[in-house]
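Down below is the structure, laid out as structure tokens.
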Amino acid sequence: MDPQTVTPQNADERIVYKAIVYSYLFWLVGALYIIAPVIAWILFCRLLVKKLSYQPASTISLTLYIWLLGMWVMLIALIVGHLEQSLGIAKLIKSSIGWAKGWALLAIFPVIGCLDIRPQVIYRACCQVCKHTVILLPIFVLAWLLKLPSTLYVSPLSIIGGPGPEFFSLSLYEIDPGSGIPRWRLFTPWAPALGMLGNLYFIFALQESSRRWKRWGVIGSLLMVLMSQSRLALICYMALFGYFSMLKFVRTPLLYFILCPIILATGFVGESILNKITMTIAAVKGARADSTRVRQSLADIAVERWWNEAVMFGHGIVERGPHMVEFMPIGSHHTWYGLLFVKGLVGAIALAIPMLVTFVVLLLRIFTHPLAKVGMAILMLLMLYTFGENLEILAYLFWPGLIILGKALIDPPTAPSHLVDTKQ
């Protein structure tokens, strides 16, 4: 197939392709938050129909079943937490709907990878979004220069319900309260989320077969990271660049000849390196001192209240924090602290086990299964962002990565016994 002409070939591919390519259009009408859960459950039902009617579809692997079980346990923790805290049926129904639009997607989209959806279609669609970002960039910069309203409107679709109005608003730019300089979030709810999406698109751009589209993808994804001005996004971008660079040479003896003297030299200047790393970390935290302080306070409150009030199943719902954390939800900006506070130890384990199993499976396949390298990069991205974001809230944005992750977890086909070479 010509790398310049990657087009959807079936209904599943068309649904996924158009949902990604039309991201900016859905953002304009405030439907982006709604599209992902709808697609997830529709395609999940299509997969179930294919399985029940014995139509062609990849076998759901044990790792994918672990993801399904983990997110099911998440729902059980939510229900028990509501019952223990006596929150009422109305809040339980609302939280269950939130689970279907958040945590459930972390299992459903990987399972959807069992459908006949080629990774190349997702790579190309994301590169097209990067191209749209580059083209639209002057408009967003001009809006800031002309001092236009930062937020034009909030879509009426917000009546459906969501984490907040920012998920349905059309924002041209925003001013960082600490530094006073502009930053952009484009079609995401906040700037750091744009940085996360930029890193995901960077992973996909590197897999693109067309040089032209790869250039669009790399440039557009880098712009997203820079426009977000997110510290975590920059760190993640450099980590991914190093990861893919190392993979090219990991099997060549030259790499180890180069690493040996470097490791020896590190032994002599190790203390100096550690001091510089410590200073760098302090500088990164000091870049937005107020933000770092608020995040740390949110974490402290979440852990203290989890340990003293609801260890096993958490508090059931998110609660608003005090004035010292600018009234932000307790446990926000951190997946693990948020899980401990809302769903307790059970919820944290329900996410930790699937992620750990996925890491082990991908590590064992990384040199034999080409898609495992991409899957490991996506898992690295998710793991890094568990320390800076709440994954379930942003699942409606990074769902293309979940589909690719699911494809990487599908058990590779084994050769028939009569084709296996038994000569030794």
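The basis for the numbers below is simple: all heavy atoms, side chains too, and nothing from hydrogens, waters or symmetry mates. We number each residue from 1, following the sequence as shown.
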Looking at side-chain heavy atoms only, is the closest gap between [X] and [Y] below 4.5 Å?
X: H132; Y: V21; answer: yes
X: C126; Y: I20; answer: yes
X: L194; Y: V225; answer: no
X: Y243; Y: M376; answer: yes
X: F341; Y: I301; answer: no
X: L234; Y: L226; answer: yes
X: S96; Y: L75; answer: yes
X: L405; Y: F109; answer: no

Can you give me the closest heavy-atom contact between [X] and [Y], atom names plus distance?
X: R183; Y: A191; answer: NE-CB, 3.4 Å
X: S23; Y: V129; answer: OG-CG2, 4.1 Å
X: R365; Y: A408; answer: NH1-O, 3.1 Å
X: A350; Y: M71; answer: O-CE, 3.7 Å
X: G113; Y: I410; answer: O-CD1, 3.4 Å
X: K51; Y: T59; answer: NZ-CA, 3.5 Å

Roughly how far, to the nearest 0.5 Å, is [atom2] of [Y] from [atom1] of [X]?
X: L200; Y: I122; atom1: CG; atom2: CD1; answer: 9.5 Å
X: I203; Y: F241; atom1: CD1; atom2: CZ; answer: 14.0 Å
X: I93; Y: I97; atom1: CD1; atom2: CD1; answer: 7.0 Å
X: W99; Y: I79; atom1: CH2; atom2: CD1; answer: 9.0 Å
X: I42; Y: L47; atom1: CD1; atom2: CG; answer: 14.0 Å
X: L197; Y: M224; atom1: CG; atom2: CE; answer: 6.0 Å

Quiz question: by atom type and distance under 3.5 Å, do the side chains of [X] and [Y] form a donor-acceptor pair?
X: T358; Y: W67; value: yes
X: W184; Y: S228; value: no
X: Y17; Y: Q128; value: yes
X: R185; Y: S169; value: yes
X: W190; Y: E389; value: yes

Checklist entry - Does the ring centre of F167 sit less than 6.0 Å away from the ring centre of Y33? => result yes

Side-chain ([X]) to main-chain ([Y]) donor-acceptor, under 3.5 angstrom:
X: W41; Y: A100; result: yes
X: S61; Y: L409; result: yes
X: T335; Y: L391; result: yes
X: E13; Y: R118; result: yes

Checklist entry - Among I15, L115, D116, which residue meets the side-chain contact (heavy atoms from CB on, under 4.5 Å) test with N10? => result D116

Checklist entry - Which of these, L397, L25, L157, sits in a side-chain contact (heavy atoms from CB on, under 4.5 Å) with L32? => result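 Among L397, L25, L157, the one that satisfies the side-chain contact (heavy atoms from CB on, under 4.5 Å) with L32 is L397.
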
Item to check | Trace of the side-chain contact (heavy atoms from CB on, under 4.5 Å) decision for I117 with K407 | outcome: CA-CA 9 Å; I117 303 172; K407 286 194 164 295; 4.1 Å; yes

Next on the checklist: Could you work out, with side-chain contact (heavy atoms from CB on, under 4.5 Å) as the rule, every residue matching L364, not counting sequence neighbours?
Outcome noted: V360

Checklist entry - Would you call the rings of Y123 and F204 parallel, tilted or perpendicular if under 30° counts as parallel and over 60° as perpendicular? => result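 Aromatic pair Y123/F204 classed tilted.
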
Checklist entry - Going through the checks in order, is the side-chain contact (heavy atoms from CB on, under 4.5 Å) test met by I34 and F26? => result CA-CA 9 Å; I34 304 169; F26 292 133; over 6 Å; no

Next on the checklist: With side-chain contact (heavy atoms from CB on, under 4.5 Å) as the criterion, how do L351 and L339 come out once you've worked through the C-alpha distance, each side chain's angles and the decisive distance to 0.1 Å?
Outcome noted: CA-CA 9 Å; L351 177 63; L339 270 176; 3.7 Å; yes

Item to check | Working for side-chain contact (heavy atoms from CB on, under 4.5 Å), residues I366 and L362 | outcome: CA-CA 6 Å; I366 199 165; L362 293 177; over 6 Å; no

Item to check | Atom CG of L146 with >12 non-hydrogen neighbours under 6.0 angstrom | outcome: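 Enclosed: over 12 neighbouring heavy atoms sit under 6.0 Å from CG of L146.
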
Item to check | Identified ring-ring contact (aromatic ring centres under 6.0 Å, His included) counterpart of F187 within the set W27, Y22, Y396, Y24 | outcome: Y24

